[in-house]
**Q** 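Take a look at this one; I'll ask things after.
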Amino acid sequence: MKRFSITIAGGGSTFTPGIILMLLEHMDKLPIDQIKLYDNDEERQAIVAGACEILLKERAPEITFEATTDPEIAFTGIDFVMAHIRVGKYAMREKDEKIPLKYGVIGQETCGPGGIAYGMRSIGGVLEIVDYMEKYSPKAWMLNYSNPAAIVAEATRLLRPNSKILNICDMPIGIEELMASILGLSSRKEMEVKYYGLNHFGWWFDIRDKQGNDLLPALRKHVSKHGYVTADKSKQHADQSWNNTFAKAKDVQVLDPMTLPNTYLKYYFYSDYEVAHADPTYTRANEVMAGREKFVFGECKKIIENQTAEGTELHIDEHASYIVDLARAIAYNTKERMLLIVENNGSLLNFDSTAMVEVPCIVGSNGPEPLVMGEIPRFQKGLMEQQVAVEKLVVEAWHEQSYQKLWQALTLSKTVPSASVAKAILDDLMEVNQEFWPKLH
Ligand code: NAD
Ligand code: G6P
Ligand code: MN
């Protein structure tokens with residue numbers, strides 16, 4: 001049986017150890033010959049890599065391991081790139097979140113002006129990795145979950161139309177795990193869903209068990225009372241702020257009680273509430289730096305110090321096993337049904353055929369085939385038209401180095417109240433992003 005070679009791009013990510021542990025757990029499904037870590041921050045990656053090397057030696061010595069900042073070494077002789085880079089790291093996420101809040105506007109990693117600023121940083125980083133992969137391993141596939149996925153996906157569609165890149169988000173997976181728990185099912189895989197939207201901007205409208213029984217009414221009932229809050233806590237999204245987000249889905253769902261919403265819609269429907277409940281001096285970036293980042297890097301340092309991973313509290317990110325499902329779909333032509341971010345091409349009949357939409361796809365060795373989700377209702381269509389225009393304008397602004405288009409993008413975002421506020425936020429964001437954005441004219 002072929003064993004696969006994988007490069008993790010963004011090797012210094014807080015998610016790398018959890019994903020490597022998850023890959024080890026699933027070796028029977030996806031045998032691995034080699035794991036390489038690639039990052040452009042040698043020092044940061046060295047901590048994660050030092051720990052992963054010891055861990056792999058102890059738990060899977062048959063896997064060759066290497067960490068590098070050299071693209072040629074990183075991307076030669078591989079089958080998959082798993083990409084989770086964060087251009088500008090947490091220092092810039094913090095700015096994305098805090099600058100809009102100064103103007104009373106949502107400050108969020110992927111939604112509103114923060115997501116736009118992050119998009120302007122990410123596009124170049126992700127395209128660079130696609131290019132390295134194609135240069136050194138032309139047959140490889142890139143499984144991308146670097147954010148903001150909506151903007152990154154549009155950039156790859158427009159600027160690298162023939163690349164073998166699959167864009168995926170774990171939010172629907174996380175929510176479906178909660179749905180399974182609400183229903184008392186053992187796994188989200190017992191459900192078959194119909195869903196449409198953009199990334200971090202979508203709705204479930206049909207959910208059935210494998211026998212075809214309709215599960216939506218029971219879920220709607222629960223969500224209308226409790227949002228997605230359930231007794232089984234999400235492991236990936238465990239902090240109190242995430243619990244608040246799951247609870248808020250109750251208010252999001254009322255807008256269209258027949259469907260179930262993605263949690264991120266709260267930033268668009270309840271901007272005023274979210275801003276009022278945000279602390280402009282301590283945002284999610286601060287929470288993650290003090291929480292996940294501190295924990296992961298602390299554990300990695302301990303492993304290096306002790307020269308053993310025995311007793312480490314680093315744990316498997318089982319939730320990330322969707323990445324194995326995706327790799328297997330490509331490697332073994334499994335035709336698994338998965339939600340991916342793909343070019344619409346008629347999946348949503350009354351929507352821009354060039355939009356990057358999030359819909360169920362059948363994934364095989366030639367990539368994803370989107371399923372037809374049909375016509376979308378007027379409310380969702382209106383919202384999605386506005387949001388997809390924002391995302392397309394950001395990519396055009398990046399490509400054409402156009403200040404005008406970026407200002408239009410911010411002005412069009414439902415989270416921003418006026419063109420003047422958009423301009424003030426844009427000018428502040430541009431100032432702090434000089435090192436990362438293309439120069440705008
Ligand atoms: P992190 O800052 O801990 O890790 C990102 C790593 O990327 C850093 O080590 C950084 O040095 C590296 N990096 C930055 N620019 C690079 C470049 N141009 N080339 C190579 N490496 C580069 O971030 P994190 O919190 O672990 O998140 C990683 C990414 O995964 C983010 O983009 C995050 O938004 C994304 N994410 C996506 C999903 C999803 O559903 N799609 C879920 C979770 C996380
Ligand atoms: C979800 C989303 C990701 C996002 C993450 C943020 O998983 O799907 O796209 O990056 O949440 O989580 P964090 O814990 O970093 O705020
Ligand atoms: Mn996501």
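This structure is a prediction, so every number in the text was calculated from the model and none was measured. When a ligand or atom number is given, it counts from 1 through the structure's own listing order.
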**Q** May I ask you to list the atoms of ligand 1 that are less than 4.0 angstrom from any heavy atom of Arg292?
**A**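 Result: 25 (O).
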**Q** Under 4.0 Å from ligand 1, counting heavy atoms only, is it the side chain of Ile168, its backbone, both or neither?
**A**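 Just the backbone.
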**Q** For Tyr38, is at least one N or O under 3.5 Å away from an N or O on ligand 1?
**A**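 No, no N or O pair falls under 3.5 Å.
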**Q** Quick one: pull up CD in Glu97 and OH in Tyr118 and give me the separation to the nearest 0.5 Å.
**A**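 Going from the CD atom of Glu97 to the OH atom of Tyr118 covers 10.5 Å.
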**Q** Among all protein heavy atoms in this structure, tell me which lies nearest to atom 41 (N) of ligand 1, with the distance rounded to 0.1 Å.
**A**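 For atom 41 (N) of ligand 1, the nearest protein heavy atom is Tyr145 O, 3.1 Å.
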**Q** Using a strict threshold of under 4.0 Å (side-chain N to carboxylate O), is an ion pair present between Arg284 and Asp239?
**A**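 Salt bridge present between Asp239 and Arg284.
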**Q** Nearest heavy atom to atom 4 (O) of ligand 1: which of Gly10, Ala285, Ser13 does it belong to?
**A**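 Closest candidate by heavy-atom distance is Ser13.
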**Q** May I ask which of Val126, Asp170, Ile85 has a heavy atom nearer to atom 40 (O) of ligand 1 than the others do?
**A**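 The residue whose heavy atom sits nearest atom 40 (O) of ligand 1 is Asp170.
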**Q** Between SG of Cys169 and NE2 of His200, what angle is found at the Mn ion (ligand 3), rounded to 10 degrees?
**A**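 If I round to 10°, I get 100°.
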**Q** Geometry only, no angles: is Ala149 polar-contacting ligand 1 at N/O separations under 3.5 Å?
**A**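 No; the residue has no nitrogen or oxygen that sits under 3.5 Å from a nitrogen or oxygen of the ligand.
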**Q** Side chain, backbone, both or neither: which applies to Arg44 and ligand 1 if a contact is any heavy-atom pair less than 4.0 Å apart?
**A**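 For Arg44, the contact with ligand 1 is made by the side chain alone.
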**Q** So which atom in Pro438 and which in Gln401 form the shortest heavy-atom distance, rounded to 0.1 Å?
**A**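 Smallest interatomic distance, heavy atoms only, reads CB-CG, 3.9 Å.
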**Q** Going by the atom numbers of ligand 2, which of them fall below 4.0 Å from some non-hydrogen atom of Met171?
**A**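 In order of number, 1 (C), 8 (O).
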**Q** Over 60° means perpendicular and under 30° means parallel, so tell me whether Trp204 and Tyr195 are parallel, tilted or perpendicular.
**A**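 Trp204 vs Tyr195 ring planes: perpendicular.
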**Q** Say whether Ser163 and Glu134, considering side chains only, have a donor N or O and an acceptor N or O under 3.5 Å apart.
**A**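 There is such a pair between these side chains.
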**Q** Determine, using heavy atoms of Ser146 and all atoms of ligand 1, whether some pair is separated by less than 4.0 Å.
**A**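 Ser146: in contact with ligand 1 (<4.0 Å).
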**Q** Taking heavy atoms and a distance under 4.0 Å, where does Tyr145 meet ligand 2: side chain, backbone, both or neither?
**A**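 No part of Tyr145 is near ligand 2 at this cut-off.
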**Q** If we only count heavy atoms from C-beta on, is the Phe4 to Leu30 side-chain gap below 4.5 Å?
**A**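 Side-chain contact under 4.5 Å: yes.
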**Q** Does Phe351 have its ring centroid less than 6.0 Å away from the ring centroid of Tyr196?
**A**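 That pair fails the under 6.0 Å test.
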**Q** One thing to verify: whether Asp251 and Lys248 come together as a salt bridge, which I'm taking to mean a side-chain N less than 4.0 angstrom from a carboxylate O.
**A**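 Looking at Lys248 and Asp251, the cut-off is met.
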**Q** Is the centre of the Trp141 ring less than 6.0 Å from the centre of the Phe80 ring?
**A**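 Not close enough - the centres of the two rings lie 6.0 Å or further apart.
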**Q** For this output row, return yes or no: ring centroids of Tyr136 and Phe75 closer than 6.0 angstrom.
**A**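 They do not qualify: ring centres at least 6.0 Å apart.
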**Q** State plainly whether the residues Glu66 and Lys36 are in salt-bridge range, i.e. N to O under 4.0 Å.
**A**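 Between Lys36 and Glu66 there is no salt bridge, as every charged N stays at least 4.0 Å from the carboxylate O atoms.
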**Q** Taking N or O atoms only and a 3.5 Å limit, does Arg86 qualify as a polar contact for ligand 2?
**A**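 Looking only at distances, the answer is no, because the N/O contact criterion of under 3.5 Å is not met.
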**Q** Just to confirm my output: which protein heavy-atom neighbour is closest to atom 24 (P) of ligand 1, and how far is it?
**A**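 Ranked first by proximity to atom 24 (P) of ligand 1 is Thr14 OG1, 3.5 Å.
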**Q** Between Asp325 and Lys29, is there a salt bridge with N-O shorter than 4.0 Å?
**A**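 Judged by the 4.0 Å cut-off on N to carboxylate O distance, Lys29 and Asp325 do not form a salt bridge.
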**Q** Distance under 4.0 Å to a non-hydrogen atom of Arg284: what atoms of ligand 2 satisfy this?
**A**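 By the 4.0 Å cutoff, the relevant atoms are 13 (P), 14 (O), 16 (O).
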**Q** Below 4.0 angstrom from a heavy atom of Cys169, which ligand 2 atoms are there? Numbered from 1 as shown, please.
**A**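 The atoms of ligand 2 under 4.0 Å from a heavy atom of Cys169 are 8 (O).
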**Q** Using heavy-atom distances, let me know which of Phe297, Tyr132, Phe15 sits nearest atom 43 (C) of ligand 1.
**A**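 Residue with the shortest heavy-atom distance to the ligand atom: Phe15.
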**Q** Checking a contact table here: which protein heavy atom is nearest atom 1 (C) of ligand 2, and how many Å away?
**A**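 Checking every protein heavy atom, the shortest distance to atom 1 (C) of ligand 2 gives His237 NE2, 3.3 Å.
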**Q** Salt bridge between Glu305 and Lys302, side-chain N to carboxylate O under 4.0 Å?
**A**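 Looking at Glu305 and Lys302, the cut-off is not met.
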**Q** Using a 4.0 Å cutoff against the non-hydrogen atoms of Glu109, which atoms of ligand 2 qualify?
**A**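 Answer, ordered by atom number: 4 (C), 6 (C), 10 (O).
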**Q** Mind telling me whether His319 and Tyr322 have parallel, tilted or perpendicular rings, with 30° and 60° as the class edges?
**A**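 Answer is perpendicular, since the angle exceeds 60°.
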**Q** Taking distance alone, with no angle check, do His200 and ligand 1 share an N/O pair under 3.5 Å?
**A**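 Among all N and O atoms of His200, none is under 3.5 Å from an N or O of ligand 1.
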**Q** Name the residue from Leu440, Ile151, Leu406, Leu127 that meets the side chain to side chain contact (heavy atoms under 4.5 Å, CB included) definition with Trp398.
**A**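 Output: one option passes, namely Leu127.
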**Q** Counting heavy atoms only, which of Asp41, Ile19, Asp39, Val152 is nearest atom 10 (C) of ligand 1?
**A**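 Nearest heavy atom to atom 10 (C) of ligand 1 lies in Asp39.
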**Q** Would you confirm whether the ring centroid of Phe201 sits within less than 6.0 angstrom of the ring centroid of Phe269?
**A**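 No, ring centres 6.0 Å or more apart.
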**Q** Test of understanding: given a 4.0 Å heavy-atom threshold, classify the contact between Phe436 and ligand 1 as side chain, backbone, both, or neither.
**A**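 Neither part.
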**Q** Nearest protein heavy atom to atom 31 (C) of ligand 1, by residue and atom, and its distance?
**A**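 For atom 31 (C) of ligand 1, the nearest protein heavy atom is Tyr118 OH, 3.2 Å.
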**Q** Using a strict 4.0 Å cut-off to heavy atoms of Arg93, name the atoms of ligand 2 that fall inside it.
**A**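 So the atoms of ligand 2 that pass are 13 (P), 15 (O), 16 (O).
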**Q** For the residue pair Trp242 and His237, categorise the inter-ring angle as parallel (less than 30°), tilted (30 to 60°) or perpendicular (more than 60°).
**A**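 Taking His237 first and then Trp242, their aromatic rings sit tilted (interplane angle of 30° to 60°).
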**Q** Have Asn147 and Arg86 got a donor and an acceptor in their side chains that come within less than 3.5 Å?
**A**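 No pair is found: no donor N or O on one side chain lies under 3.5 Å from an acceptor on the other.
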**Q** Starting from atom 2 (C) of ligand 2, which protein heavy atom do you reach first, and at what distance in Å?
**A**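 Going by distance alone, atom 2 (C) of ligand 2 is nearest to Tyr264 OH, 3.2 Å.
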**Q** Under a 4.0 Å heavy-atom limit, does Glu293 contact ligand 2 with its side chain, its backbone, both, or neither?
**A**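 Neither; no heavy atom under 4.0 Å.
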**Q** Any non-hydrogen atom of Glu293 lying under 4.0 Å from ligand 1?
**A**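 Under 4.0 Å: no for Glu293.
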**Q** Should the pair Glu274-Lys266 be classified as a salt bridge under the 4.0 Å nitrogen-to-oxygen rule?
**A**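 Looking at Glu274 and Lys266, the cut-off is met.
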**Q** Contact between ligand 1 and Glu109 is defined here as a heavy atom of the residue under 4.0 Å from a ligand atom; is it met?
**A**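 Yes, Glu109 has a heavy atom closer than 4.0 Å to ligand 1.
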**Q** How close does the nearest protein non-hydrogen atom get to atom 12 (O) of ligand 2, and which residue and atom is it?
**A**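 Here the closest protein heavy atom is Trp242 CZ2, 3.7 Å.
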**Q** Atoms of ligand 2 less than 4.0 Å from Asp170 heavy atoms?
**A**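 Once the distances to Asp170 are compared, the set is 1 (C), 2 (C), 3 (C), 7 (O), 8 (O).
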**Q** Which of the atoms of ligand 2 are close to Asn147, meaning less than 4.0 Å from one of its heavy atoms?
**A**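 Within the 4.0 Å cut-off of Asn147, ligand 2 contributes 3 (C), 4 (C), 9 (O), 10 (O).
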**Q** Quick one about Tyr90 and Arg292 (side-chain donor to acceptor, distance below 3.5 Å, no hydrogens or angles considered), yes or no?
**A**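 Side-chain D/A pair, Arg292 to Tyr90: present.
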**Q** Suppose we measure from atom 27 (O) of ligand 1 to each protein heavy atom; which comes out shortest, and what is that distance?
**A**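 The closest heavy atom on the protein side is Arg86 NH2, 3.5 Å.
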**Q** Do Ser146 and Asn144 meet the criterion of a side-chain donor-acceptor pair at a distance under 3.5 Å?
**A**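 Yes - a donor-acceptor pair under 3.5 Å links their side chains.
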**Q** Mind checking whether Tyr118 contacts ligand 2 via backbone (N, CA, C, O), side chain (CB onward), both or neither, at a 4.0 Å heavy-atom cut-off?
**A**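 Answer for Tyr118: neither.
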**Q** Nearest heavy atom to atom 30 (O) of ligand 1 wins, so pick from Glu43, His84, Arg121.
**A**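 Ranked by closest heavy atom to atom 30 (O) of ligand 1, first place is His84.
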**Q** Do Tyr322 and ligand 1 have an N or O pair less than 3.5 Å apart?
**A**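 No - when backbone and side-chain N and O of Tyr322 are compared with those of ligand 1, no distance drops under 3.5 Å.
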**Q** Check whether any N or O atom of Asn40, backbone or side chain, sits under 3.5 Å from an N or O atom of ligand 1, and answer yes or no.
**A**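 Indeed, backbone or side chain, Asn40 has an N or O that close.
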**Q** Does Gln45 reach ligand 1, in the sense of a heavy atom lying below 4.0 Å from it?
**A**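 Flag not set, Gln45 not near ligand 1.
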**Q** With a cut-off of 4.0 Å, which atoms of ligand 1 are near a heavy atom of Tyr90?
**A**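 Those of ligand 1 that fall under 4.0 Å from Tyr90 are 1 (P), 2 (O), 3 (O), 23 (O), 24 (P), 25 (O).
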